[in-house]
Amino acid sequence: MKLNILGVVAGMATGALLGVLFAPDKGSKTRKKIKNKTSKLKKNLKDDFDNFLDTASKKYSSIVDKGEDILETEKIKEAVNSKN
């Protein structure tokens with residue numbers, strides 16, 4: 001998944017850069033367009049990474065919760081077995 005995201009981002013950046021470079025504008029306009037496209041790409045990448053971290057954090061918390069539940073269940077079983 002990480003490689004797919006990286007490939008998409010690299011493709012978008014390459015396409016945007018080539019599109020701007022081959023546009024028939026003055027240098028100042030071209031530089032401004034590159035700056036704007038780079039800023040948008042940076043924001044999109046940050047948003048995607050934040051979403052990835054949020055998802056990973058939720059999955060980690062879920063795994064920890066399940067592990068704690070299993071541990072608690074085992075402690076209860078040991079307590080019941082030790083009384084018998």
Side-chain angles (χ1 to χ4, degrees):
M1 182 174 150
K2 194 186 293 186
L3 290 176
N4 289 341
I5 292 173
L6 185 60
V8 168
V9 169
M12 288 172 43
T14 302
L17 182 62
L18 289 174
V20 170
L21 289 176
F22 286 109
D25 285 332
K26 292 183 352 181
S28 59
K29 284 187 178 182
T30 300
R31 287 189 296 276
K32 191 172 189 175
K33 284 182 181 181
I34 290 173
K35 181 181 175 187
N36 290 340
K37 297 244 184 215
T38 303
S39 295
K40 287 179 185 178
L41 184 61
K42 181 179 172 184
K43 182 188 179 313
N44 289 341
L45 184 59
K46 182 188 178 310
D47 291 345
D48 289 345
F49 188 70
D50 287 344
N51 289 336
F52 170 76
L53 288 179
D54 187 45
T55 300
S57 177
K58 287 178 183 176
K59 286 184 180 184
Y60 174 78
S61 295
S62 174
I63 291 170
V64 168
D65 290 344
K66 286 179 183 178
E68 288 173 347
D69 290 344
I70 291 170
L71 183 60
E72 186 64 30
T73 301
E74 291 301 316
K75 285 182 182 179
I76 291 170
K77 285 181 184 178
E78 285 179 16
V80 169
N81 288 337
S82 68
K83 288 186 181 180
N84 291 334

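Note that CD1 of Ile76 and CG of Asn81 are 12.0 Å apart. Values are rounded to the nearest 0.5 Å. Note: Asn36 CG to Leu41 CG = 12.5 Å, rounded to the nearest 0.5 Å. Distance check, rounded to the nearest 0.5 Å: NZ of Lys33 to OG1 of Thr38 gives 13.5 Å. Here the NZ-CG distance, from Lys42 to Asn44, works out to 12.5 Å after rounding to the nearest 0.5 Å. Taken to the nearest 0.5 Å, the CG atom of Asp54 stands 12.0 Å off from the CZ atom of Phe49. Residue Asn51 holds its CG atom at 10.0 Å from NZ of Lys46, rounded to the nearest 0.5 Å.
Checking side-chain atoms of Ser82 against main-chain N and O of Ala79 turns up a donor-acceptor pair under 3.5 Å. Side chain of Ser57 to main chain of Leu53: no donor-acceptor pair is present (N/O by atom type, distance under 3.5 Å, no hydrogens or angles).
Looking at Glu78 and Lys75, no side-chain N of the basic residue comes within less than 4.0 Å of a carboxylate O on the acidic one, giving no salt bridge.
Taking the side chain as every heavy atom from C-beta outward, Lys77 and Glu74 approach each other to under 4.5 Å.
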